[in-house]
Amino acid sequence: MENTFETLRELQDILSKKYAIERDILEIPKALETKQEILNRLKKTYVEKNQDFESTKEEIRHLNFEMTEAERLREESEKKMDVITTQREYEALDKEIRDAGEKEQRFRREIQKCERDLEEMKSSLEREEQMIKMQQDELTAENNKIKAETSDKEALLAQLQKKESKITPDMDDGILFKFQRIIRNKSGVGIVPVKSNICSGCHMVLPAQFVNDIRGGKEIQFCPYCSRILFWEAGGEPVSEAYEFDHEDVGGLADLVGGESDFD
Ligand SMILES: [Zn+2]
C-alpha cells in the first residue's frame, strides 16, 4: 500500500504541474486580446480619418474648378466692357463682374479653409500611423515572446506527459480517473494524510471506523467530504475516543456539514 501511495504522490506531483501549465497556456492569448483590440480600434479610426482626408481633397478640387469658372466668367464680362454702348448695359455687366468676383473670393476663402483642415488632418494621420506602428510592433514582440514561452511550456508538458504515461498503465482506471479529477479541482492536492481523525485536505472529522480502515491500508479510501485519497501517516496522533461517531451518524454527516464535493 505504501508503494501505491508513493506512486500516487509522484503522480500528483506530475499532474498538478501539468494542469498548472495547461491553464497557463490557455491564459496566454487573453493578454494579447486587449492589445489586438486597441490596434483594431486605432486602425478603424485611421481608415475613417483617411476617408475624411480624401473627401476634403476632393472638395478642394471641386472648389478650384468652381473658382476657375467664376474667374473665367469675370474675365469674359470684363472684355465685354469694351463694346457696351448704354448705361443700362454697363450697370448689368458691372453687376455680373462684381458677382463673379465675389464668387471667386468666396471659393478662394473656402479653398484656404479646406487646405488648413487638410494640413491638420495630415499631421493627425501621421501621428496615428506612428501609434499604429508602435502598437503593431508591441504586439509582434509580445507574440514572439509568447510563442517562445508557449513552446517552452509545451516541451515541459511533453516531459510531464512522458513521466505520467510511465506511471499510469499500472494503475486502476477508475481510481486514476477520480484522482486526476480531484487534482484538477482541488488545486493540485489529491492525496492527503489523516491526522487525529481529521482529513488534512478538508479538515473534516472522519468516522473512527473509517480511520481504522485507512490505517489498516487494505484498499484505497477517498475522503467522503472532499474526495481526496487518504493515507495513514505514521507518527500522526492515535485515534482518539473523542472523535468517535456512531455508525448511524456516518451516512448523514456530509449533508449536515455541507462538505466539499469533488465535482465543483
Ligand atoms: Zn477531506
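Just the heavy atoms: all of them, side chains too, but no hydrogens, waters or symmetry mates, feed the values below. Read the numbers this way: they start at 1 and go in the same order the structure lists the ligands and their atoms.
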Atom CD1 in I146, atom CD1 in I25: separation rounded to 0.5 Å? 12.0 Å
Answer yes when R72 and E69 have at least one side-chain N-carboxylate O distance shorter than 4.0 Å, and no when they do not. yes
The Zn ion (ligand 1) neighbourhood, protein N/O/S only, threshold under 2.8 Å: C199 SG, C202 SG, C223 SG, C226 SG
When rounded to the nearest 0.5 Å, the distance separating CG of L63 from CZ of F107 is 6.5 Å
Could you tell me whether the side chains of N40 and Q36 share a donor-acceptor contact shorter than 3.5 Å? yes
R61/E58 salt bridge by N-O under 4.0 Å criterion: yes
With no hydrogens and no angle check, just 3.5 Å: does a side-chain donor-acceptor pair link Q87 and E91? yes
